[in-house]
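What follows is a single structure, written as structure tokens, with notes after it.
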Protein chains: 4
Amino acid sequence: MTDEEGEAGTATGVEVQPWIPFEDRRRARGRKKEAVLRMAVRLFLENGVHRTSLAEVAAALNITKPALYNYFRSKDEILFECCRLGREMYEAGIADIAARDGSGLEKLRALIRSYAKVITQDFGQCLVRFDDRELSPEARADIRRAKRRIDAAFREQIARGISDGSIRPCDPKVAGFVITGALNGIGTWYSPDGPLSVDEIADGFVERLVDGLAVRRVPAKAKVAEA
Amino acid sequence: MTDEEGEAGTATGVEVQPWIPFEDRRRARGRKKEAVLRMAVRLFLENGVHRTSLAEVAAALNITKPALYNYFRSKDEILFECCRLGREMYEAGIADIAARDGSGLEKLRALIRSYAKVITQDFGQCLVRFDDRELSPEARADIRRAKRRIDAAFREQIARGISDGSIRPCDPKVAGFVITGALNGIGTWYSPDGPLSVDEIADGFVERLVDGLAVRRVPAKAKVAEA
Amino acid sequence: MTDEEGEAGTATGVEVQPWIPFEDRRRARGRKKEAVLRMAVRLFLENGVHRTSLAEVAAALNITKPALYNYFRSKDEILFECCRLGREMYEAGIADIAARDGSGLEKLRALIRSYAKVITQDFGQCLVRFDDRELSPEARADIRRAKRRIDAAFREQIARGISDGSIRPCDPKVAGFVITGALNGIGTWYSPDGPLSVDEIADGFVERLVDGLAVRRVPAKAKVAEA
Amino acid sequence: MTDEEGEAGTATGVEVQPWIPFEDRRRARGRKKEAVLRMAVRLFLENGVHRTSLAEVAAALNITKPALYNYFRSKDEILFECCRLGREMYEAGIADIAARDGSGLEKLRALIRSYAKVITQDFGQCLVRFDDRELSPEARADIRRAKRRIDAAFREQIARGISDGSIRPCDPKVAGFVITGALNGIGTWYSPDGPLSVDEIADGFVERLVDGLAVRRVPAKAKVAEA
DNA sequence: TATGAATGAGACTTCATTCAT
DNA sequence: GATGAATGAAGTCTCATTCAT
């Protein structure tokens, strides 16, 4: 059904053919689906999924309610597609980092930055701010699996870092919860109009999470003690 | 109100009085309100506020739906009362700590511990897991104010710590978000049946947030640089 | 849930008790459910199940649509209850006849009469005129089972009649289909205002089905042959 | 229209003509209409008219929903055409028999056989299994007239049979209802995969309806009386 | 105080049908 | 002739809330 047949169609599009809005149609459809999702996710985030009726989504797009059903089978599906897009953003970041080299700490830093960037975007917030239970059982399972994979990615780098000496010995599970929890929080207060840019936020979070809050206790006495 | 526990009220019921005591009435009413809230918050957390109908709450309490309206004017009010109880728990902790002595870091540690303990309890999760927008405008304002006060408490101690040299120089706002975000996350995964006790969680979080993840880099050069 | 506790309640009702509309309530509820069913079945039969909205049923009863949901969980359930009442009427007739004595033919006559009487009543027509597939799977199974039992009752008496010599040797299945088919047809044309009374119809059907249409061929040869 | 069978049309297509033949066009159109009707009637019978959407019909034919509107103006019209085809089958049978000679009983036998054959076919079941009220007023009137004509045909032969001594004196209306009711019933249980062939069914029904169920009572007295 | 009943508002969804291409 | 998109009307059901008792 989603048989994306590559760009062959586009190629023929070069010779502007009169009776072939064929490929165009499909592209238009894709664009419209996307537009629906973008509007839906915005409204869902702004007003809550439950308090956003499909009528509102449709109205905001200047179409009628049943028109939405041309693109999606149900509200659930819309919600899930939003989440799926978010999921893919996280996963892309994780996959990218997994392919790189670096110590556990370095990769953890990269994960934090990547996650921070995703969660400042609409779709990225879906995984965190929408309630699993709104989804169909299958969709829910899908999303939950994704969340577990994300958690696992963090824990893995923490464990690696502990092994390679770049990260302090600690419980990777708790440490992971600290990190993802802190990052998820961003979704609740971040605004693109706010004073902090995404990069500043990402850097700030990396620094705080990596270095902690306490001043390094390396006073003279300590040095002696260490010596 | 939360501490009005035990069967004291029932005990006096021994001398079967026909026209039910004076003071008892009020206390019984209070106990019932409390029971409603305890059940409501549990169901709200378990299934989501929107997916929990008052009929379900009533049924779980073996009373009828309209009976709830004897104690609360609306679902909103029930929700707000839950949140208010949570709010009071946070505020009690904050007030307690504010009254103590200690460096910024010490008090921050205490705040983290206190917050962690509250957020592992049903009412404590209300502030975080329920959507503001479900509440009436006044209730919402009340809760938002409370959240700001809580944030402010963290930031204040961070700023104090920076001043008194116990905490690294950093943006207190970002640092506060890191901390409260991490702590709020607890509400999404904590289970009393889980492997970690509340105290273990609290300690773990304090440690990670305060000490960070990176191993302390205290090489010879560093010492020199600091000197 | 339908725990009709007999007429005990009515008995106590003699001493008019002030605070006990208790039993009354239940009876009123029962009466209302019944009223709903009676109105629903009438409209369903008159306009077709699908073309009868619950709004129409409610309006005809001078109540609002959701009020129906106090008594029934869904349109399906209303439909099923109608069918169930019909089913019980058939089964009562069958059970009654099963308890009597008589040859296969005599009992078959009684079955035909009984069936004819039921199918001239609203609820009796439900089994025949409503589409199985409108029902939930369970309800559907229930009704189909009932239909099979009814068919079986006819076939059983036909088979008995063949054995005891009161009925001609023939395929009981086909014969049963002839009979029940003919009887079911009554539901499509019978009207209480029509020229034929239920008894006349029943008698007419018994006669035609039992005696057939052809005049008895009893020519001289035949007599000899039989002699 | 129903007999326009085989691939004759396709065969002429061998000589690939660019601007599609003249007559072929109309014939192709006719074939497509027919295909739609055949699929529609099947689905209507299988799932019920109301529960069969035009989208399903179209999908089953590998065309799109609006394409159906090239051949039919509405769902009603499709339904009516199905019924009309059924009607014509019944009427053809009746006309055929009317043209023959024979006693009332003989013709009645023929009518029963004819009706039985029609009602085992998809289109033949339309008149009986679909609800009149689904049709437009005009279509409905047409179909109801047809039903009355069919009933009249049965009654006429019954009356003739009574006159010519081949059929027992009885109420032709009731007798007709017995017969058509029994025959209509076939539509509800007949399956081409079942154990009984159409002819066996037809014979069985003729026999049961004509001869009845009771054994012939030809006691000695009766003989005397007749003598 | 507590209850059964009732209500009004609103949500999601389906579908026959039309329109521009 | 055929398609994708869009629409309006309708239907079932849920739920917070109120009322009479």
Side-chain angles (χ1 to χ4, degrees), chain A residues 18-22 24-26 28-29 32 50-58 61-78, chain B residues 20 25 28-29 32 50-58 62-79, chain C residues 18-22 24-26 28-29 32 50-58 61-78, chain D residues 20 25 28-29 32 50-58 62-79:
Chain A
W19 335 267
I20 301 200
F22 196 67
D24 274 12
R25 276 283 178 87
R26 214 161 65 196
R29 186 181 172 79
K32 284 182 191 170
H50 235 107
R51 274 177 308 286
T52 304
S53 72
L54 289 192
E56 287 167 312
V57 175
L61 290 163
N62 284 316
I63 59 174
T64 59
K65 212 185 344 170
L68 294 173
Y69 285 82
N70 277 324
Y71 305 107
F72 303 95
R73 271 191 297 272
S74 67
K75 191 181 185 183
D76 264 17
E77 188 175 309
I78 294 179
Chain B
I20 315 149
R25 275 283 182 96
R29 186 180 167 80
K32 285 183 189 172
H50 236 106
R51 274 177 307 286
T52 305
S53 71
L54 290 192
E56 286 167 310
V57 176
N62 285 316
I63 60 175
T64 60
K65 206 176 6 164
L68 293 173
Y69 285 83
N70 283 324
Y71 307 110
F72 303 96
R73 270 191 298 271
S74 69
K75 191 182 185 182
D76 268 15
E77 190 176 307
I78 294 179
L79 182 60
Chain C
W19 334 269
I20 301 201
F22 199 67
D24 273 13
R25 276 284 178 87
R26 216 162 63 197
R29 188 180 171 79
K32 285 183 190 170
H50 234 106
R51 274 176 310 286
T52 305
S53 73
L54 289 192
E56 286 168 312
V57 176
L61 290 163
N62 285 315
I63 60 175
T64 59
K65 211 183 348 170
L68 294 174
Y69 286 83
N70 277 324
Y71 305 107
F72 302 96
R73 273 191 295 272
S74 68
K75 190 181 184 183
D76 264 18
E77 189 176 309
I78 294 179
Chain D
I20 314 150
R25 274 283 182 95
R29 187 180 166 80
K32 286 184 189 170
H50 237 107
R51 276 177 306 286
T52 304
S53 72
L54 289 192
E56 286 167 309
V57 176
N62 285 315
I63 61 174
T64 60
K65 208 176 5 164
L68 293 174
Y69 285 82
N70 283 322
Y71 307 109
F72 303 96
R73 271 192 297 272
S74 68
K75 191 182 185 184
D76 267 16
E77 190 176 307
I78 295 179
L79 182 59

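In what follows, chains are A, B, ... by sequence order, proteins preceding strands, each numbered from 1. These numbers come from a predicted model, not from an experiment. Both backbone and side-chain heavy atoms feed into the values below; hydrogens, waters and symmetry mates do not.
Rounded to whole Å, the distance from CG on C/L54 to P on E/dA6 is 15 Å. The CD1-P distance, from C/I63 to E/dT7, rounds to 7 Å in whole Å. Separating the CG atom of A/L68 from the P atom of E/dA11 is a distance of 14 Å, rounded to the nearest angstrom. For A/I78 and E/dT13, the CD1 to C1' distance is 12 Å, given to the nearest whole Å. Protein atom CZ of D/R29 is 9 Å distant from nucleotide atom C1' of F/dG1, rounded to whole Å. Atom OH of D/Y69 is separated from atom P of F/dG1 by 17 Å (rounded to the nearest Å). To the nearest angstrom, C1' of F/dA5 lies 16 Å from CG of A/N62. A straight line from CZ of A/F72 to P of F/dG4 spans 17 Å, rounded to a whole angstrom.
As judged by a 4.0 angstrom heavy-atom cut-off over every strand, B/R51 is placed among residues making no nucleic acid contact.
Closest approach of C/T52 to C/K75, counting heavy atoms only: O-NZ, 2.9 Å. Across A/R29 and A/N70, no two heavy atoms sit closer than the pair NH2-O, 2.8 Å. Of all heavy-atom pairs spanning C/T64 and C/A58, the tightest one is C-CB, 3.6 Å.
For F/dG8, the paired base is E/dC15 (Watson-Crick or G-U wobble, both distances below 3.5 Å). E/dA20 and F/dT3 make up a base pair, with Watson-Crick or G-U wobble contacts both under 3.5 Å.
Map C/S53 and C/P66 each onto its nearest nucleotide of DNA chain F; the residue landing nearer the 5' end is C/S53. Heavy-atom distances to DNA chain E give each of B/Y71 and A/D76 a nearest nucleotide, and the one nearer the 5′ end belongs to B/Y71.
Distances were taken from every side-chain heavy atom of D/S74 (C-beta onward) to each of F/dT3, E/dA2, E/dT17; the shortest belongs to E/dT17.
Separating the CZ atom in D/R51 from the NE2 atom in C/H50 is a distance of 6.5 Å, to the nearest 0.5 Å. One distance of note links CD1 of D/I63 with OH of D/Y71; it measures 6.5 Å at 0.5 Å rounding.
Taking only side-chain nitrogens and oxygens, A/K32 comes nearer than 4.0 Å to OP1 or OP2 of F/dA6.
Not a single donor-acceptor contact under 3.5 angstrom links the side-chain atoms of C/N70 to the base of E/dA5. Side-chain N/O atoms of B/K65 and base N/O atoms of F/dT17 include a donor-acceptor pair closer than 3.5 Å.
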